[in-house]
Amino acid sequence: MEKIKSLRGFRDIFGDEVIKFRRIEEVSRRYFSLFGYKEIIIPVLENTGLFIRSIGDTTDIVEKEMFTFRDTGGDSITLRPEATAGMVRAYLDTGIFARERISKLFSIGPMFRHERPQKGRYREFRQIDVEVFGIEAPIIDAEIIWMIFLILKSIGLTEYTIEINSVGCPECREDFKGLIVGYFEDKRQDLCEDCRRRLQRNPLRIFDCKNPVCIEISGSSPLLFDNLCETCKLHFKDFLSHIEEFKIPVSINKRLVRGLDYYTRTVFEVTSGSLGSQNAFLAGGRYDNLVQSMGGPSIPGIGFAIGVDRLALLMTPSMQKEGPIVFLAYLGDKAKGFIVPMIRLFTENNIKFFYLPDAKSLKSQMRYADSIGADIVMIIGDDEVEKGIITVRDMAQSNQTTLPLNLTNLIDNLKRLFEK
Ligand code: ATP
Ligand code: MG
C-alpha cells in the first residue's frame, strides 16, 4: 500500500534536533524569568482579519504566505504566521492591558507560512516570542538586546551579528515616501513585478525585496535612517547610548527593514553567515501604534521572535547540553560505599551524574559511559580505595589522571582540573 507522507514543508523533529530545541527553550525560559517575563499560551488559529489588519495587506506574509481556510460555518480563519498579532489581541482580550502598567510576556509555539520549503525555511516552524507593552523609553530596547545577548551566550553561540536600525514613525515615513517614489519611479521598468506593485501601494517594502536587481537599485537610494524626524532620531540615539553602556557589540544596518508593516523606530535582526540566504534566526522591533490600531488604547510595544528551527541549525553538539556529564564507574564491595555520598555530592552541586548499578566489569561501564555522552568518567575500584585516590578520565581528550578520594574537596578539585 502507498504510504501517507507528511505535508510539504512540515516535518517531524526528533533525535539531536529535538534536544537542541529543548535547550534553546530552557535557556530562554531561564532568562525570561530573570528579566520578569510571564508566559501566555495563545491560540494557533485566529480570525484572518487579525493578521490582515496588523501585519498589513501589502506584505509578503499576507499577500502570499498565509494558510487561510473557511471553517464549516463559513468564517475565514488563518493558522498564525507569526505571534505578535495574537499576543496583542490576547493582551487586549484578557484585560491584562488594564491591570498592568508594564507587561512583559512570552509565548512558545508553531507558526505557519506557505513558503517554498528549503534549508531553514519550512511551512511549519517554531518561534519563541517575546513582547513588552507599556514602555516607550529606549532603555527597554537596549534591555531586550541585552537579554538576547545573554541567551545566545548561554547557549554557546559566538558567530553572529546583531543588526539594528530605526524605521521611524508614520510621520517620518510619510515624508520619506515621496522622496523614494521619486527615486524609484524612473527605474520602474527594471524593478521586479512585485516591486512595481509595491511602488504604488507600499514603497518601503521595496527595501525588503530579495531580487538581486531590486537590491542593486535600492542600494543607492535615499535612506529612511537619514531622514528621521527629530524625536525618532533622539530615540535611536538614546537606544544606541544604552547599547554602548551595556557594551553589546552591534552593527547599524541602515537598510534593515522588516517584513511587517506594524514596526516603528527600533528594528533588529540577528544573523549568521553560515545560514546562507535564510540568514536571520531572530528578529524584532518596536510597534508603538499597533495596540491602538487593533482597537486598544495608545500603548507602545516592542518584541522579537527567535526562529528556533534556524537557531538549532547553528548549534554544535557541545551546545546541546548544559555543563558536563559525570559518570562514576565502580567495582568491588569497598567502592560500593561511595555511591550514595557521590549521588548526594554531585546532585547537590547541580552536576549531571550517572552510574550503572550491578555492572559486572569496568569495560561494560565504560561502554555505557560513552553511550550516554559522558564528559568525565571517574573510576573507583578496590585498588583506588586502597590508595585513597580516584581515577579521572577526560573522555574528549582520552587522557587520565588521579585525584585524592576526598569528597569534601572533590568538586573543587574537579573544576580546577577541567578549567585548565
Ligand atoms: P525571512 O526574511 O527569512 O523570510 P522573515 O522576516 O519573514 O524572515 P520574521 O517574520 O521576522 O521572518 O520571523 C522571525 C524569525 O522566524 C526569522 O528570523 C526566522 O528565523 C524565523 N522564520 C521566519 N519564517 C520562517 C520559515 N518559513 N521557516 C523557518 N523559520 C522561519
Ligand atoms: Mg519571510
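Hydrogens, waters and symmetry mates are skipped; everything else that's a heavy atom, side chains included, is used. Read the numbers this way: they start at 1 and go in the same order the structure lists the ligands and their atoms.
In this structure, E63 pairs ionically with R197, as a charged nitrogen and a carboxylate oxygen lie closer than 4.0 Å.
For residues 77-94, every residue pair satisfying the salt bridge (charged side-chain N to carboxylate O under 4.0 Å, His left out) rule, not counting sequence neighbours, is listed here: E46-R89, R89-D93.
S166 and T266 share no donor-acceptor pair across their side chains, judged by distance under 3.5 Å alone.
Close contacts between ligand 1 and A280 involve ligand atoms 17 (C), 18 (O), 19 (C), 20 (O) [criterion: under 4.0 Å to a heavy atom]. Every atom of ligand 1 is numbered from 1 in the order shown, and the set under 4.0 Å from a heavy atom of R258 is 6 (O), 9 (P), 11 (O). Every atom of ligand 1 with a heavy atom of G120 under 4.0 Å away is listed here by number and element: 28 (N), 29 (C), 30 (N). Atoms of ligand 1 lying under 4.0 Å from at least one heavy atom of G307, given by number and element, are 16 (O), 20 (O), 21 (C).
Using cut-offs of 30° and 60° for the angle between ring planes, the F32 and F106 rings count as tilted. Ring planes of F239 and F236: perpendicular class, angle over 60° (limits at 30 and 60°).
If you check which protein heavy atom lies closest to atom 4 (O) of ligand 1, you get R121 NH1, 3.0 Å. The nearest heavy-atom contact from the protein to atom 15 (C) of ligand 1 is Q127 NE2, 3.7 Å. Looking only at protein heavy atoms, the nearest one to atom 28 (N) of ligand 1 is Y122 N, 3.0 Å. The single protein non-hydrogen atom nearest to atom 22 (N) of ligand 1 is F125 CE1, 3.5 Å, given as residue, atom name and distance.
Using a 4.0 angstrom heavy-atom cutoff, E82 does not count as in contact with ligand 1.
R173 places a side-chain N or O within donor-acceptor distance of the main-chain N or O of V167, the cut-off being under 3.5 Å. Between the side chain of N227 and the backbone N or O of L223 there is at least one donor-acceptor pair closer than 3.5 Å. In this structure, the side chain of R255 engages the main chain of G219 through a donor-acceptor pair within 3.5 Å.
For R126 and F21, the positive end is not near the middle of the six-membered ring at less than 6.0 Å and at most 45° from its axis. The side-chain tip of K187 points at the ring of Y183 from less than 6.0 angstrom away and within 45° of straight on.
An N or O contact shorter than 3.5 Å is missing between D309 and ligand 1 by distance. When only interatomic distances are considered, the shortest N/O to N/O separation between K210 and ligand 1 falls below 3.5 Å. Residue-to-ligand polar distances keep I61 apart from ligand 1: every N/O pair is separated by 3.5 Å or more.
Here D60 has no heavy atoms under 4.0 Å from ligand 1, in either its backbone or its side chain. Counting heavy atoms under 4.0 Å from ligand 1, residue R123 does not touch it at all. Contacts between R126 and ligand 1 below 4.0 angstrom, taking non-hydrogen atoms only, are absent altogether. Heavy atoms of E115 found under 4.0 angstrom from ligand 1 belong exclusively to the side chain.
Inter-residue side-chain proximity for R8 and R123 is flagged as met; some heavy-atom pair is nearer than 4.5 Å.
The option with the heavy atom closest to atom 7 (O) of ligand 1, from among E269, R113, R310, E124, is R113.
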